[in-house]
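Okay, so here's the structure we're looking at.
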Amino acid sequence: MVAHLRTGVAGPAAFVAAVLTASASWQLFLAAGGAVLGRALTGPRGQVVTVLVSAVVISAPATVLLLGG
């Protein structure tokens with residue numbers, strides 16, 4: 001009976017541990033990615049890229065509307 005109790009607890013405990021580990025690693029990945037991306041976009045080259053991408057994103061729909069799309 002004790003062996004059955006351990007087996008019955010081990011599965012859910014392992015699942016909870018795996019969920020916590022996955023959640024923590026995902027949050028760490030997002031934080032590290034945001035830090036790297038933020039550092040890259042705040043440099044001079046990143047600012048130029050940001051300006052060019054935003055200009056295209058704004059100009060493309062405006063052009064479509066002006067051409068009667």
Side-chain angles (χ1 to χ4, degrees):
M1 179 139 175
V2 174
H4 177 67
L5 181 61
R6 286 184 186 166
T7 304
V9 173
F15 177 76
V16 169
V19 167
L20 289 174
T21 303
S23 177
S25 66
W26 178 244
Q27 290 180 17
L28 182 61
F29 172 75
L30 288 177
V36 169
L37 187 61
R39 195 172 298 136
L41 291 179
T42 56
R45 183 176 292 175
Q47 289 178 350
V48 170
V49 169
T50 302
V51 167
L52 292 175
V53 168
S54 67
V56 168
V57 167
I58 292 170
S59 299
T63 303
V64 169
L65 286 174
L66 285 174
L67 296 176

Less than 3.5 Å apart, which donor and acceptor atoms pair up between the side chains of residues 51-62 and the rest of the protein, not counting sequence neighbours?
unit_1: S54; atom_1: OG; unit_2: T50; atom_2: O; d: 3.1
unit_1: S54; atom_1: OG; unit_2: V51; atom_2: O; d: 2.9
unit_1: S59; atom_1: OG; unit_2: A55; atom_2: O; d: 2.7

Could you list the donor-acceptor pairs under 3.5 angstrom formed by side chains in residues 35-46, with sequence neighbours left out?
unit_1: T42; atom_1: OG1; unit_2: G38; atom_2: O; d: 3.0
unit_1: T42; atom_1: OG1; unit_2: R39; atom_2: O; d: 3.2

Next item on the list: Under the ring-ring contact (aromatic ring centres under 6.0 Å, His included) rule, collect the residues that match up with F15, sequence neighbours excluded.
Entry: none

